Amino acid sequence: MVKLSGKIVWAFSIALTASILVYVWYITLPPEKPKATSNTPVLLDEKVLLPLPRKVSELTVEEAILLRRSIREYTDEPVDLNSLAMILWAAYGITEPKRGFRASPSAGATYPLEIYVVIGERGAKSAEVFLREGVYKYEPHSHTLLLVKEGEYRRELMEAALGQRWVGEAPLSIVICAVFERTTSVYGRRGEVRYVPMEVGHAGQNIYLMATALEYGAVVIGAFYDDQVAKVIDAKLEEKPLYIIPIGVPKSPPKTSFEDIWEYITSRR
Ligand SMILES: Cc1cc2nc3c(=O)[nH]c(=O)nc-3n(C[C@H](O)[C@H](O)[C@H](O)COP(=O)(O)O)c2cc1C
């Protein structure tokens, strides 16, 4: 009897210890993070987890180059969040996880650019849910849009861009800023007058090509009052705006074919 109860006590202690260990392991597990594993964005209060980058377009690079045009007339259609995610990734997203290298090249991998998106009312949608209008900032490492401030800022951005109508009419505009110091601290004045302006061109071209591949139209804008644009997007003091890029569905998509180009070239030979 005594022997039996000894065994029971022993078994009971093992079971109790195991249960405690399992419980401790369970409560110390990190909380599950919301995931965007599919092509569905996750809309949270202050941020948007963008759908993960993937192969989406049917166009080849040469077709996108052929069809790229500066587009200034858009339909009323919003920009799909999946497409916006791909356009932002093409501009400055992560393409080499080990070293954090990006879609655009950067002198000494100093990465001076910061990317904002000014989204108008019903300007960006996921399935049938519209994103709140406002100013957002792209965070490449988590591929996330962070809400900077809520509200309709397209008109103010258009006024800052010398009243260029397409800035007010596009469903959204990307604004690329640069923190020059990141590059000039390594390369001095050459960083300011050469490298940073070159880099914004790389990012701008990637935006053009990805937008074209997804059947959107874009135009790069360099004519604007820097201080006014910085104020519209609540840029940090060190972030200097370099490009505004309105994006929307083109009213008349470009239709050039390679045959057109052959005809042009051969008639000049
Ligand atoms: C540095 C730069 C600044 C530009 N600024 C403006 C601008 O302020 N407004 C605008 O409508 N287009 C602007 N553009 C677009 C040009 O007008 C356009 O690239 C040019 O007309 C050639 O047309 P394409 O881009 O369709 O080939 C700019 C382009 C570059 C490269």
Side-chain angles (χ1 to χ4, degrees), residues 57 59-75 79 83 87 90-92 103-107 112-118 120 123 153-180 183 190-233 235 239-265 268:
S57 83
L59 252 64
T60 60
V61 177
E62 59 272 27
E63 286 167 322
I65 290 170
L66 176 72
L67 292 172
R68 182 211 64 82
R69 275 282 69 77
S70 289
I71 304 289
R72 300 179 182 83
E73 303 281 343
Y74 318 101
T75 68
V79 174
S83 303
I87 291 168
Y92 227 41
S104 293
S106 174
L113 306 181
E114 293 290 337
I115 298 184
Y116 287 82
V117 191
V118 176
Y153 288 96
R154 281 181 302 171
R155 190 178 177 79
E156 279 179 48
L157 191 64
M158 177 182 75
E159 283 163 7
L162 319 176
Q164 298 189 64
R165 192 172 40 78
W166 32 99
V167 179
E169 289 174 355
L172 59 84
S173 285
I174 289 175
V175 181
I176 307 183
C177 299
V179 180
F180 280 80
T183 308
R190 198 170 177 83
E192 186 188 339
V193 298
R194 292 209 183 183
Y195 298 166
V196 173
M198 286 168 174
E199 292 186 23
V200 77
H202 295 307
Q205 184 73 357
N206 277 7
I207 289 174
Y208 259 130
L209 293 180
M210 185 53 82
T212 308
L214 298 173
E215 296 177 22
Y216 287 91
V219 54
V220 293
I221 294 200
F224 52 78
Y225 297 112
D226 300 1
D227 293 352
Q228 275 189 40
V229 172
K231 204 168 153 200
V232 173
I233 61 171
E239 295 172 342
K240 307 298 176 196
L242 292 176
Y243 256 161
I244 300 174
I245 311 181
I247 296 173
V249 174
K251 267 195 181 153
S252 40
K255 289 193 172 62
T256 324
S257 69
F258 278 113
E259 285 78 4
D260 297 335
I261 309 305
W262 297 341
E263 200 182 309
Y264 178 92
I265 294 173
R268 278 159 182 79

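Order of appearance sets the numbers: ligands from 1, and atoms from 1 within every ligand. Note that the structure is predicted; figures quoted are calculated from it, not measured.
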Chemist: Near R68, which atoms of ligand 1 are under 4.0 Å from a heavy atom of that residue?
Modeler: 24 (P), 25 (O), 27 (O)
Chemist: Around atom 10 (C) of ligand 1, find the nearest protein heavy atom and jot down its residue, atom name and distance.
Modeler: Q164 OE1, 3.5 Å
Chemist: Any protein heavy atom under 4.0 Å from atom 30 (C) of ligand 1?
Modeler: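 Protein heavy atoms within 4.0 Å of atom 30 (C) of ligand 1 - there is at least one.
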Chemist: With a 4.0 Å cut-off on heavy atoms, is F224 in contact with ligand 1?
Modeler: no
Chemist: Are the side chain of Y92 and the backbone of L113 linked by a donor-acceptor contact shorter than 3.5 Å?
Modeler: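 Side chain of Y92 to backbone of L113, a donor-acceptor pair under 3.5 Å: yes, one is there.
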Chemist: Among protein heavy atoms, which sits nearest to atom 2 (C) of ligand 1, and what does the distance come to when rounded to 0.1 Å?
Modeler: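 I find the closest protein heavy atom is Y243 OH, 3.9 Å.
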Chemist: Would you mind finding which of V200, V167, V220 brings a heavy atom closest to atom 14 (N) of ligand 1?
Modeler: V220
Chemist: State the atoms of ligand 1, each with its element, that fall below the 4.0 Å cut-off from a heavy-atom position in R69.
Modeler: 24 (P), 26 (O), 27 (O)
Chemist: Starting from atom 18 (C) of ligand 1, what is the nearest protein heavy atom, named by residue and atom, and what distance separates them?
Modeler: S70 OG, 3.5 Å
Chemist: Quick one: which ligand 1 atoms are inside 4.0 Å of a heavy atom on W166?
Modeler: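 Close to W166: 11 (O).
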Chemist: Tell me: protein heavy atom nearest atom 11 (O) of ligand 1, and distance?
Modeler: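 Minimum-distance protein heavy atom for atom 11 (O) of ligand 1 reads R72 NE, 2.7 Å.
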Chemist: Measure the distance from atom 5 (N) of ligand 1 to every protein heavy atom, then report the residue, atom name and distance (to 0.1 Å) of the closest one.
Modeler: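 The closest heavy atom on the protein side is G222 N, 3.0 Å.
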